[in-house]
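Below is one structure, written out as structure tokens; the observations come after it.
Note on naming: letters A, B, ... go to the chains in the order of the sequence lines (proteins, then strands), and numbering restarts at 1 for each one.
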Protein chains: 2
Amino acid sequence: MSRPIAVLGGTGPEGFGLALRWARAGETVIIGSRNAQRAQEAAAKIKDKIGPQANVWGEENASACAGTDLVVLTVPFEGHAQLLKQLKPVFRSGTIVMDATVPLAASVGGRASRTLGVWQGSAAQETAELVPNGVRVVAAFQNVSAELLNEDGPVECDVLVCSDDPGAAQVARALAARIPGVRPLDGGKLENARILEQITALLIGLNIRNKAHTGIRITGLPEAAYR
Amino acid sequence: MSRPIAVLGGTGPEGFGLALRWARAGETVIIGSRNAQRAQEAAAKIKDKIGPQANVWGEENASACAGTDLVVLTVPFEGHAQLLKQLKPVFRSGTIVMDATVPLAASVGGRASRTLGVWQGSAAQETAELVPNGVRVVAAFQNVSAELLNEDGPVECDVLVCSDDPGAAQVARALAARIPGVRPLDGGKLENARILEQITALLIGLNIRNKAHTGIRITGLPEAAYR
């Protein structure tokens, strides 16, 4: 059995979509939520969709995090720092935290097509500051449409993975590649997370103007870049 | 004859590539440069490439700007504000300024895969502050590879156009569409230029890591979005 992926905020559309896709690909998934019952209901919904063989269950966020060393953050920015402080005592050393959070201005009543400035440079860099030493932070999955993840077709989007830890980035790219249509790419150091986060705001604007579910592709790369 | 497009900084690789593509598409192009002779040499090089029928000539930047109401800025960021101050007295009212400038940290000795923070939000918004009233500012062409523009094949890149002036944005999108392979898109208000500028830094990082000439495509949009 693969090591479980804890998707914190997994009852929201982005987290639920990622959990669904990974469970469908045969990964073991723990849905995390502030509310354990809602997490269990989301897990049951995934089993309904893909069958009882799915390795998925739900737990409260901290408990889900404690159960693995592979964690994905898909919480709204307004709950981001608070959740990380709550998780501090339960993180295992060596845990990989894949942060998909985007600091949308909607978090403070503004527009979803704008981002907030984060002092550290990006939500993912804030995460790097708030996790204990030994926890490995990766920025990824910000640009993947929640709507497309929750449908059945391929997701036409490149997932750029930014991290200062090459091994952790490799794990995130391998998980990205489990989603049909997604191509994983090395997006450079964690500091580049600020660009991924802002691209989401641009895509949301395009979605609104065109009533669409957009993604991005990078052109001009050799096949060897996607691994 | 179409109204001339003045490409300021047109002796540099991005400006020269745009000028080449537009001249090849039958547009009238004025190459602008700090040095009139270098501008004339660049224009001669374009005629060598595509034939004597090309409507292209070279002038000093301010003189090139004075000769039309359609201007493209492709200067390095370190010369950006200075050029705009120089152009202030020569801009015609109603001129459309399409700004392709990216505030790369390389401008102050840093990396080309990082941007500088610009107080106004982006280089294009700085432009909006520095031009006289009545000049219409558009952000576009930041993400188009200079190398690909200077080759003969199609340029696999979507050009997102950001502006607060819908008519000016429409003109810029029409010019983008003259470049084979390029698809023009409405990128929203001028404030979104900051995202386009940062995407260039991301693409430069990808280029360096993969020895490639990258671009971006937006996925998930209906055909009607590209116009």
**Request:** Using heavy atoms and a sub-4.5 Å threshold, report which of residues 116-128 of chain A line up against chain B, by residue number.
**Result:** none
**Request:** Taking the side chain as every heavy atom from C-beta outward, state whether A:L73 and A:F141 have any atom pair closer than 4.5 Å.
**Result:** no
**Request:** Would you sort out whether A:V135 and A:V71 count as a side chain to side chain contact (heavy atoms under 4.5 Å, CB included), showing the intermediate values?
**Result:** CA-CA 10 Å; A:V135 170; A:V71 174; over 6 Å; no
**Asked** Does some side-chain heavy atom of B:I204 sit less than 4.5 Å from a side-chain heavy atom of B:L104?
**Response** yes
**Item:** Residues of residues 185-198 of chain A with any heavy atom under 4.5 Å of a heavy atom in chain B
**Value:** A:D186, A:G187, A:G188, A:E191, A:N192, A:R194, A:I195, A:L196, A:Q198
**Prompt:** Any Lys/Arg nitrogen of A:K49 or A:D152 sitting under 4.0 Å from an Asp/Glu carboxylate oxygen of the other?
**Reply:** no
**Beyond-backbone contact of A:R3 with A:D69, side-chain heavy atoms, under 4.5 angstrom** = yes
**Message:** Tell me which of these, B:S145, B:G215, B:A225, has more heavy-atom pairs under 4.5 Å with chain A than the rest.
**Reply:** B:G215
**Item:** Proximity breakdown for B:L148 and chain A, heavy-atom pairs closer than 4.5 Å
**Value:** neither
**A:K47 side chain vs A:A54 backbone, donor-acceptor pair below 3.5 Å** = yes
**Item:** Proximal to chain B - members of residues 8-16 of chain A, heavy-atom separation under 4.5 Å
**Value:** none
**Message:** Within the 4.5 Å heavy-atom criterion, are A:I218 and B:L203 side-chain neighbours or not?
**Reply:** yes
**Prompt:** Got B:L130 and B:H80 here, is their nearest side-chain heavy-atom distance under 4.5 Å?
**Reply:** no
**Residue-level contacts of residues 154-181 of chain A with chain B, using a heavy-atom cutoff under 4.5 Å** = A:E156, A:L160
